[in-house]
Amino acid sequence: MNPRPSLALLLTALTFSSSAATLTIQTGLPGARINPAMWGLFFEDINLGADGGLYAELVKNRSFEFPESMMGWSKISPSKARGTLAIRTENPFNAKNPHYLRMESEGKDLFGVSNEGFRGIGVRQGEAYHFSAQIRNVTGNARLRIELYSSNGALLDTVRIERLASEWTKRDIVLRPRLTDAKAKLYVLMDGAGTVDLDMISLFPENTWKQRPGGLRADMVQILADMKPGFLRFPGGCIVEGSELDKRYQWKKTIGPIEERGLLINRWNYEFLHRPAPDYYQSFGLGFYEYFQLCEDLGAEPMPILSCGLACQFNSGEQCTPEQLDTYIQDAIDLIEFANGPSNSTWGAKRAAMGHPAPFNLKMIGIGNENWDQPYIDRYARFHSVLKKKHPEIQLISSAGPQPNDKRFHFAWPKLRELNADIVDEHCYDTPNWFFENANRFDSYDRKGPKVFFGEYAAQSDKVVSVLNRNNLECALAEAAFMTCMERNAEVVRLASYAPLFAHEEGWQWRPNLIWVDNLRSYGTPNYYVQQLFAHHRGDVVLPVKLDAASGKKLYASATRDDATTEVIVKLVNGDTQAAALEVNLAGAGKVGAKARLLLLSGDLRDENSFEQPRKVAPVPGELSVNAPRFTHTLPPNSLTVLRVVANK
Ligand code: AHR
């Protein structure tokens, strides 16, 4: 019940201008509990997201398995040098990656190869870089010289490897560059006459995430951790499906010893003719074990997505036969064992052998990525019927196709409802206006049907797949407006993630993206800070809100309660270019804290972040005097405000 308004409150109320919008929050009528994992991350190896990105390997084509075997490598042969390079497969170091490099030198000068890395090799002054390679001395007594050169040709460090064995042997050395350079090169040179075979030529920073050898790029994981994501969806995206079935992502090929993980072309290598990436391959150094480990590090629920036996329907749409589907379903069953099974089970033992005897606590799996029509429904139904019997504890995510309101979407939903699907994955890439205009989308969703995972969304400042799309504040605010709708409807929308996640500034195929990186740096976009604000200030339970504003105003709101702190958390979006006066009524609250914590994201609609100004658009903390359950606040133009007010009965 509302207490009788105090004089102070009445006086404050008198000052409200007639044009002020009003927001009533029913603090005493808590609604649905919010999924603690609600705001998560969508990861795909697109835009050099994994190889050349999160996976910290600095050498491109380290095992010479690219179809163009010397891609990424160049011959280094000073004028006096005489030598040859050859790619061979006889008696390889590892039969699963059979190609290796043979270097033969007459020894008249240094002779060998350099690697260009992924748009260069990023190194930091004085830090340790671990070089390793499988090496076999065939003839002669040559030594190796391993060197780093800066982009303008300065020697950054040089180390010798001597006494080469006549059998394949892994050799390691450490390089310490004397300068920082985002575009260094690695040289592997023979010093002396002879013949030497080389494979798995690798360079990793010592400073990986958690200092794991062969691990992930520390700054890129840190920025994910800074968002406090509730879940991590992996490994995509369209790469799950493959343009043909043989190019689909097969998780079993991504675990175990690194040198046994075969190479696969990345579909973003050739998908967009206007953004070709001929050197884009998947080494699977970031494989399913590492994804699970990353989830654990981030405190995020793992959400693996598996092929449903349908290749990408934007490409071949190739379908496996009904008999072949058993293998795909078995992959899902085995994955559950790999993640959750005891360490003496077949697949649990593989997890344990990789260093994680304890289960990963997998609770959900996606069946197919962005698939549609009857072939998808048929396949999903088979997965559903087997997995629900065998693993009723696992929630299954099904697909509503690539768009949020087309024929494919309206075909999928009734069928999935009939099948009693757990969670339906909806995708949306559309204009900022679409997001503003649909900020009531879930208000009318059936509360008893399948839940929603809004698994891929991003406002497009131009249009989908356009190279002109920008990560500007207008797009971020449109997403924030839409997120208030998801939050108000957290009973139905259980999970949501922006997509795609990462992009390398020189290696992207798709924009906009949540986080941009180069070889040494990363920064969050305004869209990132919107995600972060919602994730950090999620709250535990939805509070009903009623927003009354003049028609045409771009005002949006949601409210939640934090059980531990008894704070009401209010999210307010003003998408207009004028400030908006707002009267807030915490209905049902007797006592409120004197001061509210405030976080404000605002600026010009075209504002973006960049490497030079990574926090041009970022939340600014502040305080607001409140004192009473009714108070006014003026929302700045183009803004997202998060308010936290302690409120008790
Ligand atoms: O996020 C980029 C792509 O958009 C994803 O791979 C796919 O699922 C969607 O079409």
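Throughout, numbering of the chain's residues begins at 1 and tracks the sequence. If you're wondering where the values come from, they're calculated on a predicted model, not measured in any experiment.
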Which residues pass the salt bridge (Lys or Arg N to Asp or Glu O under 4.0 Å) test with [X], not counting sequence neighbours?
| X | value |
| --- | --- |
| Glu318 | none |
| Glu116 | Lys60 |
| Asp157 | none |

Salt-bridge present ([X], [Y]; N to O < 4.0 Å):
| X | Y | answer |
| --- | --- | --- |
| Arg606 | Glu474 | yes |
| Lys170 | Glu259 | no |
| Asp331 | Arg248 | no |
| Arg119 | Glu505 | no |
| Lys210 | Glu296 | no |

About how many Å separate [atom2] of [Y] and [atom1] of [X], when rounded to the nearest 0.5 Å?
| X | Y | atom1 | atom2 | value |
| --- | --- | --- | --- | --- |
| Glu241 | Leu310 | CD | CG | 8.0 Å |
| Glu65 | His99 | CD | NE2 | 5.5 Å |
| Trp516 | Phe502 | CH2 | CZ | 12.5 Å |

Answer with yes or no whether the side chains of [Y] and [X] bring together a donor and an acceptor at under 3.5 Å.
| X | Y | result |
| --- | --- | --- |
| Asn97 | Arg62 | no |
| Gln293 | His356 | no |
| Arg267 | Asn315 | yes |
| Asp181 | Ser151 | yes |
| Asn207 | Gln211 | yes |
| Asn519 | His504 | yes |
| Asp226 | Gln222 | yes |
| Asp297 | Trp209 | yes |

Check: [X] side chain, [Y] main-chain N or O, donor-acceptor pair, under 3.5 Å:
| X | Y | value |
| --- | --- | --- |
| Arg538 | Phe534 | no |
| Glu57 | Ser202 | no |
| Glu44 | Gly49 | no |
| Ser398 | Ile423 | yes |
| Asp607 | Val617 | no |
| Asn609 | Lys616 | yes |
| Asp45 | Ala50 | yes |
| Asn471 | Asn513 | yes |
| Arg171 | Ala133 | no |
| Trp73 | Asn61 | yes |

Check the pair Gln282, Asn266 against side chain to side chain donor-acceptor pair (under 3.5 Å), reporting the backbone distance first and the verdict last. CA-CA 6 Å; Gln282 299 177 82; Asn266 188 310; 4.8 Å; no
Result of checking Tyr281, Phe204, Phe43 against Tyr55 for ring-ring contact (aromatic ring centres under 6.0 Å, His included):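 It is Phe204, the one option of Tyr281, Phe204, Phe43 that forms the ring-ring contact (aromatic ring centres under 6.0 Å, His included) with Tyr55.
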Test Trp251 against every option in Phe284, Tyr291, Trp347, Phe234 by the ring-ring contact (aromatic ring centres under 6.0 Å, His included) rule and name the one that passes.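 Answer to the ring-ring contact (aromatic ring centres under 6.0 Å, His included) test with Trp251 among Phe284, Tyr291, Trp347, Phe234: Trp347.
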Measure centre to centre between the rings of Phe360 and Phe288, then say whether the value is under 6.0 Å.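 Phe360 vs Phe288: aromatic centres not under 6.0 Å.
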Validation row, ring centre Phe118 to ring centre Tyr280 under 6.0 Å: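 No: the rings miss the under 6.0 Å criterion.
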In a check of side chain to side chain contact (heavy atoms under 4.5 Å, CB included) between Val240 and each of Cys312, Pro235, Cys308, Pro304, which one passes?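 Among the candidates, only Pro235 passes.
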I would like to know whether Glu290 and Arg261 meet salt bridge (Lys or Arg N to Asp or Glu O under 4.0 Å); could you show each step before the answer? CA-CA 13 Å; Glu290 291 78 17; Arg261 304 183 193 178; 3.1 Å; yes
Does Arg275 make a cation-pi contact with Trp510 (under 6.0 Å, within 45 degrees of the axis)?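 No - Arg275 does not lie over the ring of Trp510 by the 6.0 Å and 45° rule.
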Strictly by salt bridge (Lys or Arg N to Asp or Glu O under 4.0 Å), give each pair with a member in residues 347-369 just once, sequence neighbours left out.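 Checked against salt bridge (Lys or Arg N to Asp or Glu O under 4.0 Å) - neighbours excluded - the pairs reaching residues 347-369 are Glu301-Lys363.
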Please identify each residue that fulfils side-chain hydrogen bond (donor to acceptor under 3.5 Å, both in side chains) with Tyr149, with sequence neighbours left out.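 For Tyr149 the side-chain hydrogen bond (donor to acceptor under 3.5 Å, both in side chains) partners, ignoring immediate neighbours, are Glu147.
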Can you name the residues that form a side-chain hydrogen bond (donor to acceptor under 3.5 Å, both in side chains) with Arg178, not counting sequence neighbours?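 Checked Arg178 against side-chain hydrogen bond (donor to acceptor under 3.5 Å, both in side chains); zero matches.
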Classify the ring geometry between Phe314 and Trp372 as parallel (under 30°), tilted (30 to 60°) or perpendicular (over 60°).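 Geometry flag for Trp372 against Phe314: perpendicular rings.
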